[in-house]
Amino acid sequence: MAKLDRKIALITGGNSGIGLASAKLFAAEGATVVIAGRRQDALDAALSEVGSSAIGIRCDVANLDDLDRLYAEIGKRYGRLDIVFANAAIMTVAPIAAVTPEHFDREFGVNVRGLYFTVQKSLPLLPDGSSIILTSSVAHFKATPGFQLYGAAKAAVRSFARGWTTDLKDRKIRVNCLSPGPTETPLSGKMGVSLEQVMQGRPNLLARIPLGRMGAPAEVASAALFLASDDSSFITGIDLCVDGGLGQV
């Protein structure tokens, strides 16, 4: 039997990168996948890759009305959710002196507020024993210049996983954190720095990773599948790092 046979899974930010790789893997393992993303064209392209076992719903997780519409549609179609993978995120690079209030609000609006209410508003649809996965990052404990807002936001995500594990223990809902390291995703090209700057910093970054390379979205998706499935039935509250060793040594 497939690992996610007859499960209903929501993946926010599921139209690219880790989210899309996870949507494809979850679908291959028997799940019906709901992909949520901000851009309809990106959703359409993702659905063409995932296939008929997925639907796409346009949703900006920073917009609470969008979240309400998302869950109303899921409830109408399926009546429940078995897996919530709160993966949507943004990441921009800026030194402390360059951060504006607008930058701060945008980063925390998606990565913290949006993730919080993604989970809170899903609870009426989650049966006891469901799985919630939160995408954090090794940035929550591994400092890099210019990433202080992103790191702080992801530290909040890690804290949510601990808190919700205790809040939801009576319902046997497992809440786990997934912390990727440097991964070849479109997000890494949207950091607010030039491609030239990214390429100049790449050799130094690779030298810090014990495995000597960037991760692939499919590798992180495999870890997400583990946390979503019964393979991790006695695991909750953890921070699973998929980082090539960057944050571990």
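In this structure a side-chain-to-backbone donor-acceptor pair under 3.5 Å is present from Lys154 to Thr135. The main-chain N or O of Asp66 is found under 3.5 Å from a side-chain atom of Asn63 such that the two form a donor-acceptor pair. Looking at Asn15, its side chain never comes within 3.5 Å of a backbone N or O of Ile35 through a donor-acceptor pair. Between the side chain of Ser131 and the main chain of Leu227, a donor-acceptor pair closer than 3.5 Å is present. A side-chain donor-acceptor contact under 3.5 Å links Asn176 to the backbone of Ile238. Proximity of a side-chain donor or acceptor of Thr12 to a complementary backbone N or O of Asn87 within less than 3.5 Å is detected. With hydrogens and angles disregarded, no donor-acceptor distance shorter than 3.5 Å links the side chain of Ser130 to the backbone of Leu126. Judged by distance alone, with hydrogens and angles left aside, the side-chain atoms of Ser53 form no donor-acceptor pair with the main-chain N or O of Thr32 at under 3.5 Å. Side-chain atoms of Ser159 never come within 3.5 Å of backbone atoms of Ala155 as a donor-acceptor pair (strictly under, hydrogens ignored). Checked by atom type and distance alone, the side chain of Arg113 pairs as donor or acceptor with a backbone atom of Ala62 at under 3.5 Å.
To the nearest 0.5 Å, the span separating CG on Asn111 from CG on Leu149 amounts to 9.5 Å. Interatomic distance, Cys177 SG to His140 NE2, rounded to the nearest 0.5 Å: 5.5 Å. The line from CZ of Arg174 to OG1 of Thr236 is 6.5 Å long, rounded to the nearest 0.5 Å. How far CG of Asp82 is from CD1 of Ile173: 10.5 Å, rounded to the nearest 0.5 Å.
Side-chain atoms of Glu29 and Ser229 include no donor-acceptor pair closer than 3.5 Å. Side-chain N/O atoms of Asp239 and Ser179 include a donor and acceptor closer than 3.5 Å.
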Exercise. Does the pair Lys169 and Asp167 meet the rule for a salt bridge (Lys or Arg N to Asp or Glu O under 4.0 Å), with working shown?
Worked result: CA-CA 6 Å; Lys169 65 182 180 180; Asp167 282 358; over 6 Å; no
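Screening residues 90-120 for ring pair (Phe, Tyr, Trp, His ring centres under 6.0 Å) gives Phe104-Phe108, Tyr116-Phe160, Tyr116-Trp164 as the qualifying pairs, with residues at least two apart or on separate chains.
In this structure Tyr71 satisfies the ring pair (Phe, Tyr, Trp, His ring centres under 6.0 Å) test with no other residue, sequence neighbours excluded.
A salt bridge is absent between Glu102 and Arg106; no separation between the charged side-chain nitrogens and carboxylate oxygens falls under 4.0 Å. A salt bridge is defined here as a Lys NZ or Arg NE, NH1 or NH2 lying under 4.0 Å from an Asp or Glu carboxylate O, and Lys172 with Asp128 fails to meet this definition.
A continuous path of hydrophobic side-chain contacts links Val61 to Ile55 [ILVMFWY only; heavy atoms under 4.5 Å]. Hydrophobic clustering, with ILVMFWY side chains joined whenever heavy atoms are under 4.5 angstrom apart, groups Leu43 together with Val50.
Sparse packing is recorded around NZ of Lys3, with 12 or fewer heavy atoms of other residues, nucleotides or ligands lying under 6.0 Å away.
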